[in-house]
Structure formats: C-alpha cells, structure tokens
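Scroll down for the structure; my scribbles are underneath it.
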Amino acid sequence: MRRLSRRRFLGVLGGAAAAAGVGVPFVSGIAGSTSTGEQLVSRVPLPRPYTLPFAVPPVLAPARSDAAGDHYEIVQRAAKAELLPGVPTEIWGYNGIFPGPTIVSHSGRPTVVRHRNELPVPVVVHLHGGRTPSSDDGYPTDLLMPAGTPGGRQHHMSGGHEGRMSDPAASISTGERDYRYPLQQRAATLWYHDHRMDFTGPSVWRGLAGFHLVGDAEENALPLPRDERDLPLMIADRAFGADGSLLYPSLDPTLARPGVQAAYGSGVLGDVILVNGVPWPLAEVSATRHRLRLLNASNARRYRLALDPPPPGGGGLVQIGTDGGLLEQPVRHDAIDMAPAQRYDVVVDFGAYGVGQEVTLVNQFGTGSTADVMRFRVARSGRDDTRIPDRLSRVPRLRPADALATRTMRFQHDDVHGMTGWTINGRPFAPGLVHARARLDSVEIWRLTSDFHHPVHLHLAPFQVLSRGNSGPGPYDLGWKDTLDLQPAEQATIIVRFDGYTGRYVFHCHNLEHEDMAMMGNLVVF
Ligand SMILES: [Cu+2]
C-alpha cells in the first residue's frame, strides 16, 4: 500500500517537484477562484457560439422487459464523433456516442444494464446517485476487462501496474457483465460514468458519461413540463488538438499508467463548453415552460449559470429538484452555482420572453469562451397547461439528535511520507484502507473541511446539508444531495442515513483529477 501511494503521488506532481517532495497546488489564474484547475487551450478553429443545433441524447430502448425488470445493453467502444463541424474526434462512448444513451427507469422497477467492453482498457461503471448494492455500484477496482483479454485478471492486474492495483476483494469480469439496479429510490436525475481507479478523469473526458433518469408516481402526478419540454443538459468543458482530438494531459496517453502533467494536477479545464456534446448549441423553443435537468459533467470546472437577459422581475431559474430529486418547494434563483457532478432541475418559462427573442444561458464564472454555455431562441408561441406547484414533495429532515457518530473528513493537499498529493484526513485512497465504518440504517454527521474547491460525493446514501461555516445551508444546498460544493477553506456539516445495503462503497472528491490522485476513501456499511 505504501508503494501505491507513493507512485500515485508522483503522478500528481511529476518528476523533479515530486522527487524533491515539493508540492504547490495549481489554482488557475484564468478561472480565478471559481474553479480549482488549469485550463487547456484548443489548437483547432472553434465554431462560433450559438450556431450549432442543440441535441438531446437518444433514449435507449430496453433489449427486453420481463417480470424481473428492464434489460438494457450497452457496448463501450471507441468511435469517431463530429463534435466540431467537419472535424472527426475520436471518443470513447457508451454505444459509441457522447453523451451515452439516456436510460429512463421507473422507481422500484429493477433495471439491468449489460455492459460490453470493447475499449482497450478496463472499465468500471458507476450509477451516480443510485441506491445500489455494493456489488453493482462500480467499486473502482471491480474492473470489467476488455473483451478478448487473455488471462483476464492476471494480465491486466499485474501488467503495467506493478501490482499497485491488486485488491483481493475486487470482483473482476472480462468482456461483459450485468449491473443490476433495484432503484428503490425517489425520482431523480442520475447519470452513469466511468469510475476506474486512477483513470476516471481521462475516461470521462473521452466521453464515458450518460444520463439515467428515474421517474416515479409522485413526480408524474405534478403538472410539470414533460416529454419534449423536459430537456437533460449535460454541461462539460473540453479542449481539442489541431487534429480535432480531445486534448487531455495524461502522462501516458494509452492510459496504462495513471497521472496527469504536473501543471494539471489540480484539475483539467477546457476552453470549449459542450452541452450534450455540442459546443455552445442553439435550441429553438416554444414560448412555454421547459424543465432543464442541469448536470455538470465537467472534470473540474464550476459554473454560475444565469439567463441573459433575465426575465422581467428576475428569478428566471426556478429550481424544482437537485441531486436526489424534488425539493419540497420551488426556489427562484437568478443564478445557480454548480460543482462537478451536481444536478439542478429548473423550470424556465420562455413565455416570459417574446417570440423571436433570444435567451442565453451564460456562465458567470467563465471568461472568454467559457462564459458562453448555450442559447435558446423563442421560435413560436405554444399552449402551456403546465405550472409549478407551490408544494412539490416532502423532504423529511434527518435529526442531528439521531446521529450515532460524528466524523471529520479533511479534504486537502497534503504531505504523506515526504510526498504530496490529494488526501482525505491525510490518507490517500487504497482499496484496503477504511475511512469510515457505518452501521446499516444509522444516521451520522460528517464535518467536511477543505483547502481548495472539492466537490464531495458520497456513494449509496444521499445527505442533507446542516451548515456551512457558522451559517445554515447555502442557497444551492436544499433537498437531498449526493455531491456538496465544498469551497476553499470551508467547513460544512452534512447529515446522512446509511440505509439500503451493506458492503464497501467509496466517497471522494468529484474533481476527477483529485479523485484519480487518491482523494477517495472507503465507506464500509455493516
Ligand atoms: Cu478535490
């Protein structure tokens, strides 16, 4: 385990700095204090913003449905995609597309997804926001080896990794495997993405991400916008090389060995904002209410999203939901801050604008090309029988008095054994190293502290935010969360009930470069 940590930390800082044990976190001057990371610069002519048509990822049809649930099949493979007009870009995609196909499930109806791996590297699939048994949660060493891998486990577990990944508890499959999701959970906007230990950043960057929407009877009974007026928006930054390839500063472009170039050890940012895989798209909408399911699928970038111009009276982003589904009541925002992996469901009433008017979704944390996100053109009038009820759902509060344990988790850049890297409580991730053991059904309070921006994500169990610093929850902390936007030098307190399943899970920073560089811990529910 020592060697594991050491090697990974070398990946954070690279060569001389690491050898000298000197580590300076890089916080981008370009992005100011709004994101922790360093921005890549594209080397290919980029399209003018708001010239390419908006698109929604296709909804995947089940291969079959029976009493046991709905069965889906996905092949993970490399493909050429036209992300930039006329320029092919090699991506890694679920069914060869980015974003991957959207899976639509109903609460409580089991969903089984058979993944086949035709990529040259092992993969792991995690359903982010899923209440999933440990065996199917996508533990970072539960690898699905490429189809046709000779010798399966031995080949890849030892090859090129010097035994660093050896995890006796890992469950290794070759070629294909089923992920079983009971989905005993309320309606919410989930997403699925790669989660391989050390390689989540480059794998997601190459395209391994898709939506998984869960609906339920409660939400269906509400008069909210639906169907073609319910739009998932996967927002992700990328950068492109001169040949149209996706730029990513891996130390080893074949992704056999982990790590990014030293300058990017604090996070990789791109200068192109993609929405559902399209750079700065233009959507034509009717002058009616639309539900926008906002997902920040970026590796490290934070956004402050706002409508320009705002509607008369302001408050144009009406938040109805978040990571873990509906809020109790709608909340009007002029802007919404989003850390990586977070979801915010909002309703925008384009009826507040005139036909012919254009409304731009801007990123107030961005500068230059990253200040633009997408544009809506109100193209026609429309009949609108939707509304936003004052009461959306019930969110029973977890009570601090019920907490069985209180833990502190420090997310920070750290020195360990003369090396520097990203750690939780000074300890880098290792499969056998347990940060927390929680009794099934118990309530716990976690105090989270940070040095830089760290979006903290817990698997299995959603949480509620009790406080930030000396104040109550922030304006974006309402409802059931699974990812907290922890700010530099901040302490936040969350409360969580570990129910559903026993087994080993992870919690981690969702800045994917921090995660890959060991800012992850084991959470064992027993
Ligand atoms: Cu982090």
Side-chain angles (χ1 to χ4, degrees), residues 3-19 23 26 37-41 43 76-79 89-93 117-124 140-141 143-146 148-151 153-167 170 172 193-209 238-270 299-300 419-422 428-431 508 511-520:
R3 189 165 55 158
L4 184 145
S5 324
R6 182 186 164 86
R7 285 288 310 222
R8 199 184 323 227
F9 282 11
L10 284 168
V12 174
L13 291 163
F26 299 87
E38 187 65 33
Q39 186 164 305
L40 294 160
V41 178
R43 300 175 197 144
Q76 302 189 30
R77 58 184 175 86
T89 298
E90 180 170 308
I91 60 151
W92 286 358
N117 180 9
E118 294 185 355
L119 291 167
V121 299
V123 296
V124 171
T141 54
L143 304 177
L144 172 57
M145 310 305 295
T149 302
R153 179 184 184 114
Q154 286 311 315
H155 180 76
H156 273 264
M157 289 304 284
S158 54
H161 287 273
E162 299 160 31
R164 292 185 324 106
M165 289 172 72
S166 75
D167 171 14
I172 312 290
H193 62 77
D194 198 71
H195 213 303
R196 175 165 64 122
M197 188 170 104
D198 295 351
F199 297 96
T200 297
S203 302
V204 171
W205 188 272
R206 289 178 189 214
L208 294 177
R238 296 289 186 271
F240 296 87
D243 58 356
S245 60
L246 286 166
L247 287 181
Y248 188 85
S250 292
L251 292 176
D252 172 8
T254 70
L255 301 192
R257 291 168 185 277
V260 293
Q261 295 165 21
Y264 299 90
S266 288
V268 177
L269 307 172
N299 283 32
M419 298 292 153
T420 64
W422 298 105
F429 178 74
H508 58 89
N511 174 318
L512 297 184
E513 284 69 42
H514 297 190
E515 174 184 343
D516 283 347
M517 302 304 159
M519 192 173 249
M520 181 152 63

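Each residue takes its place number in the sequence, starting with 1. Quick note: numbers below take in every heavy atom, side chains included, and nothing from hydrogens, waters or symmetry partners. This structure is a prediction, so every number in the text was calculated from the model and none was measured.
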Taking it one step at a time, do Val123 and Leu143 satisfy side chain to side chain contact (heavy atoms under 4.5 Å, CB included)?
-> CA-CA 6 Å; Val123 296; Leu143 304 177; over 6 Å; no

Please test Leu119 against Leu208 for side chain to side chain contact (heavy atoms under 4.5 Å, CB included), starting from the C-alpha separation and ending with a verdict.
-> CA-CA 11 Å; Leu119 291 167; Leu208 294 177; 3.9 Å; yes

Using the side chain to side chain contact (heavy atoms under 4.5 Å, CB included) rule, take Trp92 and Val121 through it: C-alpha gap first, then chi angles, then the decisive distance, then the call.
-> CA-CA 11 Å; Trp92 286 358; Val121 299; 3.6 Å; yes

Decide yes or no on side chain to side chain contact (heavy atoms under 4.5 Å, CB included) for Leu246 and Phe240, but give the supporting numbers first.
-> CA-CA 5 Å; Leu246 286 166; Phe240 296 87; 3.7 Å; yes

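Nearest heavy atoms, His193 versus Thr200: ND1-CG2, 4.4 Å. Nearest heavy-atom pair, Thr141 versus Ala170, reported as atom, atom and distance to 0.1 Å: O-CB, 3.3 Å. Here the closest heavy-atom approach between residue Phe199 and residue Ser203 is recorded as O-OG, 2.7 Å. Between Ala300 and Asn511, the shortest heavy-atom distance links the atoms CB-ND2, 3.5 Å. Of all heavy-atom pairs between Asp198 and Pro258, the closest is CB-CB, 3.5 Å. Contact record, Glu513 with Val268: OE1-N, 3.0 Å, taken as the closest heavy-atom pair.
In this structure the side chain of Glu515 never reaches within 4.5 angstrom of the side chain of Pro140, judged on heavy atoms. Taking 4.5 Å as the limit, some side-chain heavy atom of Met145 sits within range of a side-chain heavy atom of Ile172.
To the nearest 0.5 Å, atoms CH2 (Trp205) and CG (Leu40) are separated by 5.5 Å. The CE atom of Met517 lies 11.0 Å from the CG atom of Leu512; values are rounded to the nearest 0.5 Å. Atom CD of Gln261 is separated from atom OH of Tyr248 by 10.5 Å, given to the nearest 0.5 angstrom. Interatomic distance, CG of Asn117 versus CZ of Arg77, reported as 12.5 Å (0.5 Å rounding). To the nearest 0.5 Å, atoms OG (Ser266) and NE2 (His514) are separated by 5.0 Å. Rounding to the nearest 0.5 Å places CZ of Arg43 at 9.5 Å from CG of Asp243.
In the model, Asp252 has a side-chain atom that pairs as donor or acceptor with a side-chain atom of Thr254 under 3.5 Å.
Using a distance-only test at 3.5 Å, with no hydrogens or angles considered, a donor-acceptor pair links the side chain of Asn299 to the main chain of Gly201. With hydrogens and angles disregarded, a donor-acceptor distance shorter than 3.5 Å links the side chain of Trp422 to the backbone of Gly265. For the pair Arg196 (side chain) and Pro122 (backbone), a donor-acceptor distance under 3.5 Å is present.
Considering Leu255, Asp194, Ile91 as possible partners of Arg206, the one that fulfils the side chain to side chain contact (heavy atoms under 4.5 Å, CB included) test is Leu255.
Ring geometry for His195 versus His508: interplanar angle over 60°, hence perpendicular rather than tilted (30 to 60°).
In this structure Glu90 satisfies the salt bridge (Lys or Arg N to Asp or Glu O under 4.0 Å) test with no other residue, sequence neighbours excluded.
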